[in-house]
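Because the structure is predicted, anything quoted here is derived from the model rather than measured. Position 1 is the first residue of the sequence, and the numbers go up from there.
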Amino acid sequence: MAGTDEVTLSDPREPLVPLMRELRTKPEGLSGREAARRLLVYGPNELARRRHTDWPGQLLSQLTHPLALLLWLAAALAFLSGTAALGYAIVAVIVLNAALAFAQEQQAERAVEALAAYLPATATALRDGSRTVVEARDLVPGDVLLIEEGDRVSADARLIDGGVEVDLSTLTGESMPAFRSAELLDLSGPLLEARDLVFSGTSCTEGEARAVVFATGMHTELGRIAALSQRVEREESPLERQVKRVAWLIAAVAVGAGVVFLPLGALVAGLPLPEAVNFAIGLLVANVPEGLLPTITLALAVGVRVLARSGAVVKRLSAVETLGSTTVICTDKTGTLTRNRMTVTSIWTPAGLLALDGVPGGPGSGPVPTALAEALAACSNAELDPGRPGEGSGDPTELALLRAASALGADVAVDRRTAGRLRQFHFDPELRLMSTVDRGGDRAVVHTKGAPEAVLDRAGGILAPDGETRALTAQDRRMLADVVAGYARDGLRLLAVARRELPDGAPVPARREDAERDLVLLGVAAMVDPPRPEVAESVARCHTAGIRLIVVTGDHALTAAAVARQVGIARHDTVVLTGADLEAMNEDQLDGVLAAGRELIFARSSPEVKLRIADALRAQGNVVAMTGDGVNDAPALRRADIGIAMGVTGTDVAREASTMVLTDDNFATIVTAVQSGRRVYDNVRKFIVYIFAHATPEVVPFLLFALSGGAVPLPLTVLQILAIDLGTETLPALALGREPAEPGLMGRPPRSRGENIISASMLGRAWGLLGGVSTVLVLTGFFLALVHGGWSLGAPVDPGTPLHHVWQEATTMTFLGIVACQIGTGLASRTQYASLRSIGLLSNRLLLWGIAAELVFAAALVTVPFLRRVFGTAAPPAELLALLVLFPVVVWGADELWRLVRRQRSSRATASSMTGT
């Protein structure tokens, strides 16, 4: 509901007095009656859910998908051919696939529901001048919030007084808490960087403050991101588009064949109408691969299970194939390329360097290391978990410093630190310092840590190796500047540590200016979030596979560039752009930067920047995979072809908006997933070749029957075709979906976005080579069986005639011949380029089991009396059955020779290009 007196702010950063006047509130907050009235005007402080279209219509669209229409046709043919059980089974497959697709369309709504989890259930506000706990959904603009350590901020608000450290990582991706104070006024720049504003969905890690609410619900920054996530629609994956094309192609061929050859059979061949209709139905059934969609679905499902075992949970089946066509990976830094564990690697002290590995045990001793360790243990608000060495809660940097202090032998227990603390001066981002005043024996000691230059500006002494204090000379300062510059070139985060012993009986300083002076330098700690050890190898695999890598992070440019160089993504001349740089670029300039094809680093990225990058890359024809873990990443994750969320450190929002979730937050898992996607895509093409190859020996016999005017009897019955398509063919096709990766899989570039899953060369191989050789063999067996039984051209074979049993033997020979050729086709389809010997005959045992199963099924149709009556089979003579042993060898051998010729041509072309001839 909206009202005429609804407040519209031009900028919440305007001076506080005019802002309060615009909001029609005061520092004591609103009255309960006014708050209730505003709730009617503004509505509840919650994220709105997008209204869906009518769900029956959505479900109907899935039931009329091209592949579903093809399956409806197959079901109708099954009912027409008298196999009702088969028809019902196909209908069940249609309904199941439609239900799965319909469930995926609810993904955007679930993402918004996960966003709502960032709004706390209650908040503390001033109502009628009193501290009141209210439901967060009841907050309105003009409310005065009371924010304390541990609170999650419930609305966007302007600080009135006080200061707090706020974790903004859910909105900005920055892992370090940011200090916000009513005294720090920013009148320009990005809203999220204003130092006197706090935002809904963030959390207070330290301090306390009062703030006036200026935005609630969908008007907050969190609501804006929710709206972005809703507006970004999921597009069809490459496989989904390709499958639609295949479906229309198959449907056109099947229906076209029936329409063309029905009059051909009735008019040209002079067949009676019932036989002509039976002939047309046979052509349709022979052209429709009834098992294609279930086989693709199951192959993708297998890929999903394999990826899950590797640490990648895929939420949409078709995403497995999309991964395989990835051309660009936009990866975050923290936790993906790195371990997400800040570590102190080295400490410079006046007594020398201390090399640390973060493992408690004391790497050094002496007055300087001891004093430094005590300062690190005291000047901290983090807490190490005594039950889990190295783990704890608090700021990652402080945890790293505590681990270093523990390694140096200091007592880092919280109770000891609390008991000795006399005063604390919170970290100030302008001063870049934090200090505590602690009890040290009989006197008080100031412990300070912060940016090296800030500490040095306030330092007058340095702790000598013997434990005595001496003056800090100009030469010392030059030497320290060189040390800091050397660390900075490596992209390390630096903190200097100092102390000052107060005279006996001196009062505890009330102001930080009085505490943070005349400091004695103890050392400089260098920290790094180390790269994961396996990432460098994975990056090299991406380069070999022709996959471009782009780092998109909320961290500082220097840190991102250093980590990117360490893992092999970046070189010394790699372009580094910040969010501000991108905001200054127009679309043509951004397109130019991305079109160069180089590795890039985007630092300080905002949600809009990530969306721009994803859109620009996709517009250039790339298949984009993008990682993310925060709320701010949700729109870009949905926009990318593959949105990849972090399962360990990621937010619920990111996981809901993504297509894939990494259970280990590891970049190497992404590369493994890309390899699996390529393998799945290859395997889909393999079993498509396998399935399509059998259309030729099924269709040609019907054409022979029609073109001979019925003089040549039907070599195959409709039921026998169905037995092939849904009986003997299915298990080997499914086994091809589990085929191991072909050699050189990650050594070839990604396929283009518009490449068809079925190419002309595939059809030539399937219908022409494998299907043609199979047809010759199958018809040879058919005619040998007829002639062996005494048949002559035009002799009747109808039921009741002397040759009817001979014809049954001949059709059975055709059926068994196709099954035998399927074995050869299955072995040949295992590779697209390599020889069977290079991958090993036994490397896919499931295929061998599938072949055994189809042989058993075929034998049952020929030997079990009930099945013989249903399918009209009769066992051919033994001498003819012996010929079937040669069929697989001939089919596989012909294809093996064809692939050998292809490899030789490819080798000659490569050698020619290398020599320049």
Side-chain angles (χ1 to χ4, degrees), residues 237-239 242 296 298-331 336-337 532-550 567-569 599 622-627 640-647 658-687 735-753 755 757 830-834 838-840 843-844 846:
S237 72
L239 180 63
Q242 294 296 327
I296 291 178
L298 289 174
L300 294 175
V302 167
V304 168
R305 289 195 295 271
V306 171
L307 286 175
R309 288 195 293 268
S310 302
V313 178
V314 176
K315 297 162 59 180
R316 192 171 69 242
L317 290 182
S318 61
V320 179
E321 177 273 337
T322 309
L323 275 166
S325 60
T326 299
T327 59
V328 179
I329 298 177
C330 297
T331 177
T336 309
L337 300 179
R532 294 177 181 266
E534 63 275 16
V535 168
E537 179 185 352
S538 299
V539 168
R541 289 168 61 196
C542 285
H543 289 157
T544 303
I547 299 173
R548 184 183 180 190
L549 299 175
I550 297 176
V567 299
I569 294 177
E599 316 294 62
N622 292 289
V623 176
V624 181
M626 179 169 288
T627 69
D641 296 284
I642 294 291
I644 304 172
M646 303 298 107
S658 66
T659 311
M660 184 173 79
V661 179
L662 300 182
T663 59
D664 55 3
D665 290 10
N666 195 339
F667 177 83
T669 304
I670 302 175
V671 182
T672 300
V674 170
Q675 180 174 344
S676 296
R678 289 190 176 191
R679 181 179 64 86
V680 168
Y681 184 82
D682 277 1
N683 289 347
V684 168
R685 302 188 84 173
K686 288 172 184 178
F687 64 65
L736 286 172
R738 299 293 299 273
E739 186 67 33
E742 195 165 339
L745 179 67
M746 292 295 283
R748 61 178 190 251
R751 65 184 184 276
S752 66
R753 191 181 189 96
E755 180 181 336
I757 194 170
R830 290 189 59 192
T831 66
Q832 299 182 61
Y833 310 101
S838 67
I839 62 173
S843 58
N844 187 349
L846 287 177

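Here CE of M626 is found 12.5 Å from CD1 of I642. Values are rounded to the nearest 0.5 Å. Here the straight-line distance linking atom CZ of F667 with atom CG of L662 works out to 10.5 Å at 0.5 Å rounding. Atoms OG1 and CD1, from T326 and I670 in turn, are 9.5 Å apart once rounded to the nearest 0.5 Å. In this structure, R678 CZ and R748 CZ are separated by 6.5 Å, a value rounded to the nearest 0.5 Å. Note: T627 OG1 to L337 CG = 7.5 Å, rounded to the nearest 0.5 Å. Note that the CE atom of M746 and the OG1 atom of T672 stand 8.5 Å from one another [nearest 0.5 Å].
The minimum heavy-atom distance linking A640 with V624 is given by the pair CB-O, 3.7 Å. Between G643 and S658 the shortest heavy-atom distance is O-CB, 3.2 Å. P740 and K686 get closest at one heavy-atom pair: O-NZ, 4.2 Å.
Remark: the backbone N or O of A834 is paired with a side-chain donor or acceptor of E742 at under 3.5 angstrom. A donor-acceptor pair under 3.5 Å is absent between the side-chain atoms of D641 and the main chain of A625, judged by distance alone.
A 4.5 Å side-chain heavy-atom check between C542 and I329 finds at least one atom pair inside the cut-off. A 4.5 Å side-chain heavy-atom check between N683 and L736 finds every atom pair outside the cut-off. A 4.5 Å side-chain heavy-atom check between I547 and R541 finds every atom pair outside the cut-off.
Of the N and O atoms on the side chains of S843 and R830, at least one donor lies less than 3.5 Å from an acceptor on the other residue.
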request  = Apply side-chain contact (heavy atoms from CB on, under 4.5 Å) to V623 and L323, showing your working.
outcome  = CA-CA 8 Å; V623 176; L323 275 166; over 6 Å; no
